[in-house]
Amino acid sequence: MGVCPSARMPLLSDNFTGLLRPWARPEVLTCTSWGAPIIWDGTFDPDVAQQKVGQQNLTIGLTVFAVGRYLEKYLARFLETAEQHFMVGQRVVYYVFTERPAAVPHVALGEGRQLRVEYVAREQRWQDVSMERMRTLHEALGGRLGREAHFVLCMDVDQHFSGPFGPEALAESVAQLHAWHYRWPRWLLPFERDVRSAAVLAPGEGDFYYHAAVFGGSMAALRSLTAHCVQAMRRDRGRGIEARWHDESHLNKFFWLHKPAKVLSPEFCWSPEIGERAEIRRPRLLWAPKEYALVRD
């Protein structure tokens with residue numbers, strides 16, 4: 001990944017963290033070429049972040065899709081651990097999208113925290129469940145979700161919180177470094193290479209490989225992102241093709257064209273299968289074991 005040269009270290013600050021300390025983690029890259037911070041443990045003061053966001057009277061949305069067997073397998077733990085670690089002390093609304101609203105488990109919520117259940121039709125293929133998420137989110141952003149929340153983080157359900165996931169993760173637009181790929185050279189990253197696809201990135205294009213398990217931002221930024229992905233996937237469908245990694249491929253194309261304002265380090269969404277790494281000090285989200293044969297029917 002490289003590191004941020006100390007001689008050219010930018011003064012990084014935002015409305016959600018205050019002054020950042022990119023120099024506190026000299027062993028990893030803590031800023032992007034366009035001046036966005038890459039958030040690692042130790043580069044921000046969590047107490048200052050709480051104060052900053054508390055002054056803004058924000059409602060933070062968290063969306064998650066729990067369709068088919070993903071509901072029984074993962075949703076309860078996702079929500080229970082979110083109550084322990086996600087935006088603690090802030091006003092939060094969970095938006096659970098599922099085809100079986102009555103099966104959503106009851107989870108005790110703290111003060112100022114709500115859960116909304118939104119019906120979504122079940123798709124026949126898991127690939128379509130993944131890709132239709134962008135269309136569903138885009139429509140929801142034009143409805144109650146867009147009216148209730150100021151910032152939204154969109155996450156996969158097959159993971160659970162393991163550490164504080166606070167206001168330091170908020171920004172106008174937020175992307176997540178993929179845990180399996182953040183150390184890879186750019187030429188090896190699994191961007192879409194089929195020139196027929198709207199998600200295509202040519203050799204030399206692409207800054208980082210971002211994980212679709214976590215992304216977010218303001219209402220305006222998410223409307224732009226989801227609209228781009230919906231239109232691009234519709235174009236691909238009209239040509240009879242699918243991008244290699246479905247909606248994630250299109251998300252990566254969007255963030256190449258429209259740089260994220262903040263990038264989350266792999267600490268914010270880590271896979272235990274990778275094992276221990278010195279730079280991963282405090283994982284915030286952990287992937288669940290992938291049991292595709294069980295949940296993808």
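For the single chain, residues carry numbers from 1 onward in sequence order. Everything numeric here is computed off the predicted structure, so don't read it as measured data.
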Under 3.5 Å: donor-acceptor pair, side chain of [X], backbone of [Y]:
| X | Y | answer |
| --- | --- | --- |
| Lys262 | Ile39 | no |
| Asp41 | Glu267 | no |
| Glu83 | Gly110 | yes |
| Thr81 | Phe78 | yes |
| Arg100 | Gly68 | yes |
| Trp40 | Ile280 | no |
| Arg116 | Val93 | no |
| Thr30 | Pro22 | yes |
| Thr98 | Pro101 | no |
| Thr226 | Leu137 | no |

- Query: Which heavy atom of Glu205 sits nearest a heavy atom of Arg186, and at what distance?
  - Reply: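 Where Glu205 meets Arg186 most closely, the heavy atoms are O-CD, 3.8 Å.
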- Smallest separation among heavy atoms of Ala179 and Arg277, with atom names: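 Looks like O-NH1, 4.3 Å.
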Measure the acute angle between the ring planes of [X] and [Y], then classify it against the limits of 30° and 60° as parallel, tilted or perpendicular.
| X | Y | answer |
| --- | --- | --- |
| Tyr74 | Tyr70 | tilted |
| His178 | Trp287 | perpendicular |
| Tyr182 | Trp270 | perpendicular |

Scan side-chain atoms only and decide if [X] and [Y] contain a donor-acceptor pair under the 3.5 Å cut-off.
| X | Y | result |
| --- | --- | --- |
| Arg113 | Tyr94 | yes |
| Glu248 | Tyr209 | yes |
| Arg244 | Ser249 | no |
| Thr59 | Glu148 | no |
| Gln50 | Gln90 | yes |

State the [atom1]-[atom2] distance between [X] and [Y], to the nearest 0.5 angstrom.
| X | Y | atom1 | atom2 | answer |
| --- | --- | --- | --- | --- |
| Phe97 | Cys154 | CZ | SG | 8.5 Å |
| Lys52 | Leu19 | NZ | CG | 9.5 Å |
| Leu285 | Ser271 | CG | OG | 12.0 Å |
| Asp236 | Ser197 | CG | OG | 3.5 Å |
| Phe208 | Gln176 | CZ | CD | 12.0 Å |
| Leu170 | Ile60 | CG | CD1 | 5.0 Å |

May I ask you to say whether [X] pairs ionically with [Y], meaning some side-chain N is under 4.0 Å from a carboxylate O?
| X | Y | result |
| --- | --- | --- |
| Arg281 | Glu279 | no |
| Asp156 | Arg133 | yes |
| Arg77 | Glu80 | no |

Answer with yes or no whether the hydrophobic clustering places [X] together with [Y]; edges join I, L, V, M, F, W, Y residues whose side-chain heavy atoms lie under 4.5 Å apart.
| X | Y | result |
| --- | --- | --- |
| Val200 | Met134 | no |
| Leu71 | Tyr119 | no |
| Trp34 | Val28 | yes |
| Val195 | Phe191 | no |
| Leu79 | Leu109 | yes |

- Message: What verdict does the salt bridge (Lys or Arg N to Asp or Glu O under 4.0 Å) test give for Arg237 and Glu132, after you've listed the backbone C-alpha separation in whole Å, the side-chain angles of each residue and the deciding distance to 0.1 Å?
- Response: CA-CA 12 Å; Arg237 193 175 295 115; Glu132 284 299 304; 3.8 Å; yes
- Item | Aromatic ring proximity, centroids under 6.0 angstrom, His228 and Phe254 |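 For Phe254 and His228, the ring centres are under 6.0 Å apart.
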- With a 6.0 Å cut-off on ring centres, are Phe16 and Phe151 close enough?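 Judged by ring-centre distance (under 6.0 Å), Phe16 and Phe151 do meet the cut-off.
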Is the shortest heavy-atom distance from the side chain of [X] to the side chain of [Y] under 4.5 Å?
| X | Y | answer |
| --- | --- | --- |
| Gln231 | Arg235 | no |
| Leu225 | Ser173 | no |
| Leu201 | Lys253 | yes |

- Query: Is the charged tip of Arg284 near the ring of Phe165: under 6.0 Å from the six-membered ring centre and within 45° of its axis?
  - Reply: no
- Query: Does the pair Phe161 and His85 meet the rule for a ring pair (Phe, Tyr, Trp, His ring centres under 6.0 Å), with working shown?
  - Reply: CA-CA 6 Å; Phe161 292 87; His85 299 294; 7.2 Å; no
